[in-house]
Amino acid sequence: MKNLVRIVVVLISMVAFSQNSDKAKKLLDEVTANAKSQKNIDIEFKYTLQNTKEKINQESKGRVIMEGNKYHLSFMGITKIFDGKQTYTISPEDEEVTISKTDDNDPNAITPNKILNFFQSGYKYQWDIEQNIKGRIIQYIKLIPISSKDTRKEILLGIDTRTKQIYNLIEVDKNNTRTTLTVVSFKTNQVLPKNQFTFEKEKYANYYINKVD
């Protein structure tokens with residue numbers, strides 16, 4: 001009798017998880033569709049890194065502008081510009097510009113599409129808590145990496161249920177380091193300068209140019 005009860009409980013749990021997983025995937029698909037429908041996206045964000053055991057608490061701000069397969073990222077004093085063919089990493093502290101080609105087929109390559117829909121594969125989905133944050137209803141989806149080699153234990157993706165936009169992303173590593181990226185400003189379809197995704201070499205005449213094949 002006890003075994004029968006245990007099996008019934010497991011079956012109910014499996015059905016509930018399946019429904020929650022489908023519901024979570026549906027919401028994530030809506031986020032992706034919303035992002036792809038925009039001509040461009042301009043995001044200002046706050047980034048924090050915390051590890052209580054190691055007494056680490058760091059905070060910084062950044063901004064990323066994306067249009068098609070191009071992006072312009074400013075974060076922690078570094079600027080990255082991807083013009084659709086090459087990535088330019090500009091470091092004022094080192095007075096150096098690193099130029100590298102980007103292979104869209106490279107699983108480790110960072111592209112706007114991956115920034116906005118990285119969650120489409122490689123994870124199990126779980127419907128998590130809902131929070132009211134300053135009048136905004138934020139629904140959290142828990143992403144659990146499938147690969148055992150992944151150093152992350154879990155990812156929580158907070159989604160504004162009205163706008164279908166990402167509000168924040170919380171990563172928890174297996175060593176309990178927690179990184180949080182919170183969207184401060186999310187703008188779409190902005191009028192951008194023509195050179196927004198162009199590396200202007202004349203501005204860095206005194207910089208060392210490092211080309212990586």
Side-chain angles (χ1 to χ4, degrees), residues 9-38 41 43-53 56 58 60 62 64 66 68-71 73 75 80 82 87 102-133 136-184 186 188:
V9 171
V10 170
L11 287 173
I12 292 173
S13 298
M14 287 177 65
V15 171
F17 175 78
S18 176
Q19 290 173 341
N20 284 337
S21 177
D22 290 343
K23 188 162 60 170
K25 188 176 186 309
K26 182 177 182 295
L27 182 56
L28 292 173
D29 287 343
E30 289 174 347
V31 171
T32 300
N34 177 56
K36 287 183 176 180
S37 70
Q38 311 300 334
I41 297 176
I43 298 173
E44 292 183 25
F45 60 89
K46 181 175 71 173
Y47 176 88
T48 59
L49 185 151
Q50 296 173 314
N51 186 311
T52 305
K53 185 178 180 180
I56 297 173
Q58 300 174 352
S60 55
V64 61
M66 297 172 280
N69 68 336
K70 302 175 182 179
Y71 69 85
L73 171 68
F75 182 56
K80 273 183 175 287
F82 179 58
T87 301
T102 299
D103 181 1
D104 290 336
N105 296 319
D106 181 357
N108 297 316
I110 298 175
T111 65
N113 289 336
K114 290 183 181 179
I115 293 172
L116 294 169
N117 66 10
F118 72 93
F119 43 76
Q120 291 296 316
S121 63
Y123 302 92
K124 294 178 182 178
Y125 308 128
Q126 290 183 11
W127 193 259
D128 209 82
I129 65 170
E130 178 184 278
Q131 289 186 339
N132 186 321
I133 302 177
R136 299 171 66 184
I137 304 303
I138 306 300
Q139 175 62 54
Y140 282 90
I141 305 296
K142 182 180 288 187
L143 309 175
I144 301 173
I146 294 173
S147 173
S148 59
K149 295 180 180 179
D150 200 311
T151 60
R152 297 167 299 179
K153 182 164 60 178
E154 63 185 29
I155 300 170
L156 282 170
L157 195 63
I159 298 168
D160 187 316
T161 57
R162 183 181 65 83
T163 63
K164 300 299 187 293
Q165 295 172 355
I166 295 174
Y167 167 73
N168 68 351
L169 183 150
I170 304 167
E171 286 189 355
V172 181
D173 285 354
K174 290 175 181 177
N175 66 354
N176 288 323
T177 296
R178 176 185 291 256
T179 57
T180 304
L181 189 153
T182 304
V183 174
V184 177
F186 193 108
T188 60

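Nothing fancy with the numbering, it's 1 onward along the sequence. Everything numeric in this text was worked out from a predicted model, so none of it was measured.
Side chains of L27 and W127 form a contact here, defined as non-hydrogen atoms less than 4.5 Å apart.
The structure places CD of Q126 at 7.5 Å from CG of D128, a figure rounded to the nearest 0.5 Å. For the atom pair CG of L181 and CD1 of I166, the computed distance is 9.0 Å after rounding to the nearest 0.5 Å. The CD atom of Q131 lies 10.0 Å from the CD atom of Q139; values are rounded to the nearest 0.5 Å.
Scanning for ring-ring contact (aromatic ring centres under 6.0 Å, His included) contacts around Y47 gives F75, with sequence neighbours left out. Scored by the side chain to side chain donor-acceptor pair (under 3.5 Å) test, E130 finds no partners at all (sequence neighbours excluded). Listed by chain and number, the residues in a salt bridge (charged side-chain N to carboxylate O under 4.0 Å, His left out) with D150 are R152 (sequence neighbours excluded). Taking the side chain to side chain contact (heavy atoms under 4.5 Å, CB included) definition, one finds that Q165 meets it with N34, T163, F186, sequence neighbours left out.
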For this session: Begin from the C-alpha positions of K36 and T32 and carry the test side chain to side chain contact (heavy atoms under 4.5 Å, CB included) through to its verdict.
Result: CA-CA 6 Å; K36 287 183 176 180; T32 300; 3.7 Å; yes
Problem set entry | Worked verdict on I159 versus I138 for side chain to side chain contact (heavy atoms under 4.5 Å, CB included) | CA-CA 5 Å; I159 298 168; I138 306 300; 5.8 Å; no
For this session: Take I155 and I170 through the test side chain to side chain contact (heavy atoms under 4.5 Å, CB included) and record every step on the way to the result.
Result: CA-CA 6 Å; I155 300 170; I170 304 167; over 6 Å; no
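Salt-bridge annotation for K25 and D29: present, with a side-chain N of the basic residue lying under 4.0 Å from a carboxylate O of the acidic one.
For residues 174-184, the set of pairs meeting the side chain to side chain donor-acceptor pair (under 3.5 Å) definition, not counting sequence neighbours, comprises N51-T177, K153-N176, N175-T177.
Judged by distance alone, with hydrogens and angles left aside, the side-chain atoms of T161 form a donor-acceptor pair with the main-chain N or O of I137 at under 3.5 Å.
The minimum heavy-atom distance between Y71 and T87, with the atom names listed, is OH-CG2, 4.1 Å.
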Please tabulate, for side-chain N and O atoms in residues 140-148, each donor-acceptor pair with protein atoms closer than 3.5 Å (sequence neighbours left out).
unit_1	atom_1	unit_2	atom_2	d
Y140	OH	N168	OD1	3.3
Y140	OH	N168	ND2	3.1
S147	OG	K149	N	3.2

